[in-house]
J.: 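Pasting in a structure now, in structure tokens, and then I'll have a few things to ask.
Please read these numbers as outputs of a predicted model, since none were measured by experiment.
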Amino acid sequence: MSRATRINIADRPPHLWDPRETSTVTYRTLLSGDETPTHGLVQGIATLRAGDVEAAHWHDIPETVHVLEGHGHARLGAEILQMRPGDTFFVPAGCVHEWRNGEGILRFLYSFPADSFAEIAYHPETNVSDS
């Protein structure tokens, strides 16, 4: 059951995006029904250090990303867009996307319409179907 609550990022442990990659992309999940008294929304903050890439992938549900700090590039389908503070990206379900940082720190808030982070499937770009 959901209830009004306050979550502080300092209380949420960082996790590696994909420990099999050489990238040091980390994320801290802020809202996830399996860890917090919330439902219907998953949110967290991802941090990419210089040269980091969150490899191309897609989800079965939409995602939003709001840039909090730094600059980088987003690949949404075939389009490459600059990322800068204040930008918000909407990524439809099934859209291949990739987040890439150049220098410094790139930090963004991500959101999914799901009850828990565990429900969100990450499909590598190579698994995109043409149907």
J.: Given the rule that I, L, V, M, F, W and Y join up when any side-chain heavy atoms are under 4.5 Å apart, are V42 and V25 in one cluster?
T.: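 V42 and V25: one cluster.
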J.: I need the minimum non-hydrogen distance between M83 and V65, along with the two atoms involved.
T.: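 Where M83 meets V65 most closely, the heavy atoms are CE-CG1, 4.2 Å.
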J.: What's the separation between atom CZ in R28 and atom CG in L109, rounded to the nearest 0.5 Å?
T.: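 Going from the CZ atom of R28 to the CG atom of L109 covers 14.0 Å.
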J.: So, for E54 and L48, which heavy atoms are closest and what is the spacing to 0.1 Å?
T.: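 Heavy atoms of E54 and L48 come nearest at N-CD2, 4.1 Å.
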J.: Nearest heavy-atom pair of A114 and E119: which atoms, and what distance?
T.: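 Answer, listing the atom of A114 first, then E119: CB-OE1, 3.7 Å.
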J.: Do H97 and H57 have their ring centres less than 6.0 Å from each other?
T.: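 Yes: the rings meet the under 6.0 Å criterion.
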J.: Decide yes or no on side chain to side chain contact (heavy atoms under 4.5 Å, CB included) for T36 and T5, but give the supporting numbers first.
T.: CA-CA 9 Å; T36 58; T5 190; 5.6 Å; no
J.: Quick one: are L76 and F89 in side-chain contact, heavy atoms under 4.5 Å?
T.: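 Touching, per the 4.5 Å side-chain cut-off.
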J.: Would you tell me whether H71 and N101 have side-chain atoms, one donor and one acceptor, within less than 3.5 Å of each other?
T.: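 H71 vs N101: no donor-acceptor pair found between side chains.
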J.: Are L68 and W99 linked, directly or through intermediate hydrophobic residues, by side-chain heavy-atom contacts shorter than 4.5 Å (ILVMFWY only)?
T.: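 No; L68 is not reachable from W99 via cluster members.
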J.: Less than 6.0 Å separating the ring centroids of H66 and F108?
T.: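 Distance test on ring centres: not under 6.0 Å, no.
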J.: Tell me the closest heavy-atom pair linking A56 and V96, and the distance in Å.
T.: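 For A56 and V96, the tightest heavy-atom pair comes out as CB-CG1, 4.0 Å.
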J.: Does I105 have any side-chain contact (heavy atoms from CB on, under 4.5 Å) partners at least two apart in sequence or in another chain, and if so, which?
T.: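 Applying side-chain contact (heavy atoms from CB on, under 4.5 Å) to I105 gives T47, R49, E69, R107.
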J.: Enter the distance from T29:OG1 to R12:CZ here, rounded to the nearest 0.5 Å.
T.: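 Answer rounded to 0.5 Å: 7.0 Å.
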J.: If every non-hydrogen atom of P62 is compared with every non-hydrogen atom of P113, which pair is closest and at what distance?
T.: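 Here P62 and P113 meet closest at O-CD, 3.2 Å.
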J.: Could you give the distance from CD (E63) to CD1 (I120), rounded to the nearest 0.5 Å?
T.: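 Going from the CD atom of E63 to the CD1 atom of I120 covers 8.0 Å.
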J.: When you measure from the side chain of S32 to the backbone of F117, do you find a donor-acceptor pair of N or O atoms at a distance under 3.5 Å?
T.: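 The answer is yes, because a donor-acceptor pair under 3.5 Å joins these two groups.
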J.: Rounded to the nearest 0.5 Å, what separates atom OH in Y27 from atom CD1 in I45?
T.: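 Separation between the atoms: 14.0 Å.
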J.: Has R75 got more than 12 heavy atoms of other residues, nucleotides or ligands less than 6.0 Å from its CZ?
T.: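 Above 12, so yes.
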J.: Find out whether Q43 and I7 are in side-chain contact, i.e. whether some heavy atom of one side chain is under 4.5 Å from a heavy atom of the other.
T.: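 Q43 does not reach I7 side chain to side chain.
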J.: If I take atom CG from residue L81 and atom CD from residue E79, how far apart are they, to the nearest 0.5 angstrom?
T.: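 Those atoms lie 4.0 Å apart.
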J.: Any side-chain heavy atom of L41 sitting closer than 4.5 Å to one from S111?
T.: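 L41 reaches S111 side chain to side chain.
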J.: Between atom NE2 of H39 and atom CG of L31, what is the distance when rounded to the nearest 0.5 Å?
T.: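 Between H39 NE2 and L31 CG, I get 12.0 Å after rounding to 0.5 Å.
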J.: Does some side-chain heavy atom of T26 sit less than 4.5 Å from a side-chain heavy atom of T24?
T.: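 Side-chain contact under 4.5 Å: no.
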J.: Can you name the nearest heavy-atom pair linking H59 to Y122, along with the distance?
T.: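 Heavy atoms of H59 and Y122 come nearest at CE1-CE2, 3.1 Å.
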